[in-house]
Amino acid sequence: MQDSDYIFREHDLDRFRWPDADYAHTPYRVFKDSAIYEREMEKVFRGPTWGYLALEAELPEAGSFKSVMLGNTPVVVSREEDGSFSAFVNRCAHRGATVVREEFGKADTHACIYHQWCYSSAGDLVGVPYRRGVSGKGGYPKDFKPAQHGLRKLHVESYKGLIFGSLQNEPGTLMAYLGPHIKEHLDRILVKPLKVLGYHRQRISANWKLYFENIKDPYHAGLLHMFAATFGTYRSTQEGYTLVSDGGGHSIVYSVMGTDDHDSVSEHYKDVKDKYQTDFQLNDGTLLQWTPDFDDGIGNLIISVFPNLVVQQILNTLATRQVRPLGPDGMELVWTFFGFEDDDDTLTDDRLRQLNLVGPAGYISMEDGEAIRLVQQAIQGETDATSFIQMGGLGPIVDADHVVTEVCTRGFWKQYAQTMEFAPREEGAPVPEKAHD
Amino acid sequence: MTSPIDGDLYQRVQDLYQNYGHAIDVDDLEAWPEFFTADARYCVIPRENHDRGLPAALIDCRGRPMLLDRVVALRTANIYNIHFDRHLVSPAVITGRDGDVLESRVNFTVMQTDQSGVTRLFAAGVSYDRIRVEEQRLRFLDRRLVLDTYGVPELLATPL
Amino acid sequence: MTSPIDGDLYQRVQDLYQNYGHAIDVDDLEAWPEFFTADARYCVIPRENHDRGLPAALIDCRGRPMLLDRVVALRTANIYNIHFDRHLVSPAVITGRDGDVLESRVNFTVMQTDQSGVTRLFAAGVSYDRIRVEEQRLRFLDRRLVLDTYGVPELLATPL
Amino acid sequence: MTSPIDGDLYQRVQDLYQNYGHAIDVDDLEAWPEFFTADARYCVIPRENHDRGLPAALIDCRGRPMLLDRVVALRTANIYNIHFDRHLVSPAVITGRDGDVLESRVNFTVMQTDQSGVTRLFAAGVSYDRIRVEEQRLRFLDRRLVLDTYGVPELLATPL
């Protein structure tokens, strides 16, 4: 038995190590092990990360709030009187009840229903019933200080209308966390005040990381999604780019429409059955009617930020997708669709019509839910095997000027393993001969 | 208050709803667009959007050609979880009439069964509809299905 | 055996049941007491009690004022899990008639959805009802809902 | 297309279905064979068999004596999980008529409740039926229940 094999089988998670330093194999165990899941909640979602909470546009007024999940931690994010944003862990400091029960709302203060402990929108304790007792009896000790019993607060920063929170004690700045690639592409899309168009929610029977692998993987996109390939909203033969952050966890994948030609597409898709169907035509072509918001020709762009955010621009559809884990083998995906405040009715209508392409019922999105469900289903009984992630080759995890690569997926696993303290002991350790089976 | 339509017409409305569900349940998707007028609107909207006045829908087909496209896509393009549907649709309530157009409402549930014969509640909701009375058959001019089960289990492929 | 009522009246009974469920489903609780006569009885009884002849009910409102109190309590006093309801009610069976009072029976299920859009079966059962036929509208004189799902999931707030 | 039967007869069909379900739900199994003609066929077939043209059924009673045997067996011979049923049956669609024999179709779900009052979806499916119109009452000549929930939860004792 190889040493890596031994480490790989290790049941003590403090000794569990990734099988290779190229992150070209992912142990299936990480998708189904409940101990690993608990560790993720602590080390990833409550660890050195910034998690996406909400759009500023969802909180239009002072006191507006939204309830979200950051990993398995319930969080409420609010807009303050001064226009800033705050967030707290939604669990009463007294006996642990959920304080804010509504998904959305507006309130100056939040009273826990259980014993009426009352908090400001920022989470400070502002009222305690019977603090000094009733008729001189009962009450809290004299040294009880409300300031010491507020809700646990998150660090909050926002950029271009996206609000992020962090539960670590001393996080670096959000901008340092996001890095230049993410900044550049958020700058590209989020150019004006946003207008929320509504929500899609999807509950997929798959581990949350399978979804992150999926959206960081441009290799599958031109192959799984016949609609994208046939109509050219995304094709592997198009001019495209794959950008990855220094830590590996964030990425950007995009392609430029109209940069390939029929002959080239036919050549590269000739061995892929039924995915590029030149005889497939829509009865109503207005579905794909596209009035570009930007003049760079990008028809499909997916930004992902470790560990819970996806930002999409697919034709005119703009959305954030928030990934909420629901245990080792399930996840909730919340899509928030938006346009710009100054959109005219025609442009709004284009965005709404194109929602047929995306979301749980979308022509080019429904397959992702199915693909990752199939993975979750097939790995259930597996204890040792790994996946194989080497499209685009091994070596440094860096940008590529094409989309025939799984480099972003390797980048994701690199940041994941390092955050989870699962990284190989020695960088550059030899890759195992083959997947363990 | 009496119903704005007579018993025979009401019966045709009931049959419309039941036959609509049955066509989907037996995977006769090709028959589905025929339940609509040429210029019909078919919209599945999450209840949270509907209740908050947000316009984003899950499916929004405008005209029969877009309905046809969805059928063709399901048959030839899209890949989704293999399953069977079964609609349970309440008796219809006729809420209004304007000439040959009826306003109608039904509650619905859809049960979905996987290949091992395990059935789960897939969707519950209400549909606010307009129906055109034609000589030969009734057709939907407008279906607005408000989906309570907006935490869509896996994905929404076959129409509700 | 033919039905003791004609088609038009039967249709009004169907509408009564569907409109009753819809009022609750769209949270128009204020309309709920209006579905009853002033002296009506509304009773939700666990099936195990009903079947064994035990009188204890979950809800027992005697007269419209008690129905109103329940609505006011839900609006202003009680705190309960935030949810949406959806009623699925079977076609009614008219089991008897005594002048302007009909005896009727329906099976029902209520689906409950939480704020994340997850729908669960909340209640199933049968209701044995008496309905008074009035000129303007039909009203329940008596509803006795026998609740199969007497292992109440969480709590029972909004009426069945 | 108009219904091949008038409103009164349709109402009797509706009542047949609802009364059939109710008899089982209140455990009046002795009344169950009486819903069938003497030479009736009652068949519960898994959807996977039905769809693939395979003949194997879960229950296949040929003639009322076999229906009676099943009741007697349930009462005296078989031991099965103690439970309550609740049928939710859709409005019927009359799909044909040949003299005094109607062709009809309903969708159904059956909710099953255990002794602690926990209700689960037990069965969903469709039934393709033939009904004989008799002076006194309607009876099933043929019921072919296609069971979506062919991954039978625990066991199938009381009839669908």
Side-chain angles (χ1 to χ4, degrees), chain B residues 3 5-28 34-35 82-94 104 106-124 133-139 149 153 158, chain D residues 1-11 13-14 17-18 21 44-52 56 58 86-96 103-112 119-128 145-154 156 160:
Chain B
S3 177
I5 63 174
D6 66 22
D8 280 354
L9 184 51
Y10 182 77
Q11 195 53 48
R12 290 175 69 194
V13 172
Q14 290 280 59
D15 286 359
L16 174 71
Y17 281 111
Q18 298 301 323
N19 289 332
Y20 174 101
H22 191 250
I24 296 166
D25 293 349
V26 298
D27 195 35
D28 185 11
E34 291 300 313
F35 284 92
I82 299 171
H83 69 268
F84 313 113
D85 287 326
R86 192 64 67 189
H87 284 67
L88 258 282
V89 177
S90 75
V93 176
I94 308 299
S104 174
V106 290
N107 283 1
F108 66 88
T109 54
V110 177
M111 307 293 167
Q112 221 170 65
T113 302
D114 67 19
Q115 292 178 93
S116 52
V118 174
T119 304
R120 291 186 186 86
L121 174 65
F122 176 72
V133 180
E134 302 179 358
E135 190 68 32
Q136 292 304 307
R137 63 183 290 182
L138 308 187
R139 290 182 204 269
T149 317
T158 44
Chain D
M1 226 167 44
T2 55
S3 176
I5 64 173
D6 65 23
D8 281 355
L9 183 50
Y10 181 77
Q11 198 51 51
V13 172
Q14 290 281 60
Y17 280 111
Q18 298 301 324
V44 179
I45 188 164
R47 182 166 178 164
E48 64 176 338
N49 294 355
H50 174 83
D51 285 359
R52 298 171 64 201
L58 283 156
R86 193 63 66 190
H87 283 68
L88 258 282
V89 176
S90 75
V93 176
I94 308 300
T95 52
E103 273 188 7
S104 174
R105 192 188 72 228
V106 290
N107 283 1
F108 66 89
T109 54
V110 177
M111 307 293 166
Q112 222 170 64
T119 304
R120 291 187 188 84
L121 173 66
F122 176 71
V126 62
S127 186
Y128 301 102
L145 296 108
V146 178
L147 182 63
D148 289 11
T149 318
Y150 53 79
V152 178
E154 311 305 343
L156 174 61
L160 297 176

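Note on naming: letters A, B, ... go to the chains in the order of the sequence lines (proteins, then strands), and numbering restarts at 1 for each one.
Residue D/Arg47 holds its CZ atom at 4.5 Å from CZ of B/Arg86, rounded to the nearest 0.5 Å. To the nearest 0.5 angstrom, B/His83 atom NE2 is 11.0 Å from D/Asp148 atom CG. Distance check, rounded to the nearest 0.5 Å: CG of B/Asp15 to CZ of D/Arg105 gives 8.5 Å.
Nearest approach of D/Val93 to B/Gln18, heavy atoms of both residues: CG2-CB, 3.2 Å. The shortest heavy-atom contact between B/Gln11 and D/Ala92 is NE2-O, 4.3 Å. Nearest heavy atoms, D/Tyr150 versus B/Gln115: OH-O, 2.8 Å. When all heavy atoms of B/Met111 and D/Leu121 are compared, the pair lying nearest together is SD-CD2, 3.7 Å.
The residue among D/Pro46, D/Gly125, D/Ala124 with the most heavy atom pairs within less than 4.5 Å of chain B is D/Gly125. Among B/Val118, B/Thr109, B/Leu88, the residue with the largest count of heavy-atom pairs under 4.5 Å with chain D is B/Leu88.
Atom CD of B/Glu34 sits in a crowded spot, with more than 12 heavy atoms from other residues, nucleotides or ligands closer than 6.0 Å.
Heavy-atom distances place the side chain of B/Thr113, and not its backbone, under 4.5 Å from chain D. At a 4.5 Å heavy-atom cutoff, the contact between D/Val126 and chain B is made by backbone and side-chain atoms alike. For D/Phe108, the part lying under 4.5 angstrom from a heavy atom of chain B is the backbone only.
Side-chain contact between D/Asn107 and B/Asp25: present, with at least one pair of heavy atoms (C-beta onward) separated by less than 4.5 Å.
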